[in-house]
*Asks:* 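This is the structure I want to talk about, given as structure tokens.
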Amino acid sequence: MKVRVNLKALKSEGAKIEDELEMEVEENSTVKSLLERLVLTYGDNLAKLIGNSERGFKVLVIKDGEVAKYNQSLKNNDKLSLILPVAGG
């Protein structure tokens, strides 16, 4: 099955990645397994921004307009966006 992942928000942080990509994922894939695959694909530069499965991910995933949980299952044609949390005061 295929999902679309919007990565534009991460590019503003200097990551050398595509704006958007379509990924083929296996049935029963989760948001977490997608993030793990992205880190494997883009390496340490992306892991520094979004974390990894060992230290924990530090990125918000918006799935079809709502914040997704990392254990949430993916469906064919899901649209996801990765957004870094903002802190300030």
*Asks:* About how many Å separate CD1 of Ile50 and CG of Leu60, when rounded to the nearest 0.5 Å?
*Replies:* 11.5 Å
*Asks:* Is any side-chain heavy atom of Leu7 less than 4.5 Å from a side-chain heavy atom of Asp19?
*Replies:*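 SC-SC contact between Leu7 and Asp19 ruled out.
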*Asks:* Same cluster or not: Met1 versus Leu80, using hydrophobic residues (I, L, V, M, F, W, Y) connected whenever any side-chain heavy atoms lie under 4.5 Å apart?
*Replies:* yes
*Asks:* Please find the pair of heavy atoms, one from Val25 and one from Arg37, that lie closest to each other, and give the distance.
*Replies:*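 Heavy atoms only, the tightest pair is CG1-NH1, 3.8 Å.
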*Asks:* Work out which heavy atom in Ala68 is nearest to a heavy atom in Val31; give both atom names and the distance.
*Replies:*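 Ala68 and Val31 have their closest heavy atoms at CB-CG2, 4.0 Å.
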*Asks:* State the NZ-CG distance between Lys75 and Asn28, to the nearest 0.5 angstrom.
*Replies:* 13.5 Å
*Asks:* Can you see which heavy atom on Lys32 is nearest to which on Ser53, and at what distance?
*Replies:*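 Shortest heavy-atom contact: CE-CB, 4.0 Å.
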*Asks:* Please list all pairs passing the side-chain hydrogen bond (donor to acceptor under 3.5 Å, both in side chains) test where one or both residues lie in residues 62-73, with sequence neighbours left out.
*Replies:* Lys63-Asp78
*Asks:* Looking at side-chain heavy atoms only, is the closest gap between Glu22 and Val5 below 4.5 Å?
*Replies:*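 The answer is no, as the side chains (C-beta and beyond) never meet within the 4.5 Å cut-off.
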*Asks:* Closer than 4.0 angstrom, basic N to acidic O: yes or no for Glu20 and Arg4?
*Replies:* yes
*Asks:* Are side-chain heavy atoms of Ile62 and Val67 found at a separation under 4.5 Å?
*Replies:* yes
*Asks:* When you compare the side chain of Leu82 with that of Leu35, does any pair of heavy atoms fall below 4.5 Å?
*Replies:* yes
*Asks:* Looking only at heavy atoms, which two atoms of Ala47 and Arg55 are closest? And how far apart?
*Replies:* O-NH2, 3.6 Å
*Asks:* Within the supplied structure, the quantity of interest is the number of heavy atoms (other residues, nucleotides, ligands) at a distance under 6.0 Å from Glu24 CD; does it exceed 12?
*Replies:* yes
*Asks:* Please report the C-alpha distance between Leu84 and Leu49 in whole Å, then the side-chain angles of each, then the deciding distance to 0.1 Å, and finally whether the side-chain contact (heavy atoms from CB on, under 4.5 Å) criterion is met.
*Replies:* CA-CA 8 Å; Leu84 295 174; Leu49 285 175; 4.0 Å; yes
*Asks:* Considering all heavy atoms of both residues, which atom of Val39 and which atom of Leu46 are nearest to each other, and what is their separation?
*Replies:*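 Of all heavy-atom pairs spanning Val39 and Leu46, the closest is N-CD2, 4.1 Å.
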*Asks:* Contact between Lys2 and Asn76 at the side-chain level, heavy atoms closer than 4.5 Å - yes or no?
*Replies:* yes
*Asks:* Should Val61 and Ile83 be counted in the same cluster of Ile, Leu, Val, Met, Phe, Trp and Tyr side chains packed under 4.5 Å apart?
*Replies:*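 Different hydrophobic clusters.
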*Asks:* Apply side-chain contact (heavy atoms from CB on, under 4.5 Å) to the pair Leu34 and Leu74, showing each step before the final yes or no.
*Replies:* CA-CA 9 Å; Leu34 176 71; Leu74 299 175; 4.0 Å; yes
*Asks:* How many angstroms lie between atom CD of Glu36 and atom OG1 of Thr41, to the nearest 0.5 angstrom?
*Replies:*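 If we round to the nearest 0.5 Å, Glu36:CD and Thr41:OG1 are 11.5 Å apart.
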*Asks:* Any side-chain heavy-atom pair from Met23 and Leu38 closer than 4.5 angstrom?
*Replies:* yes
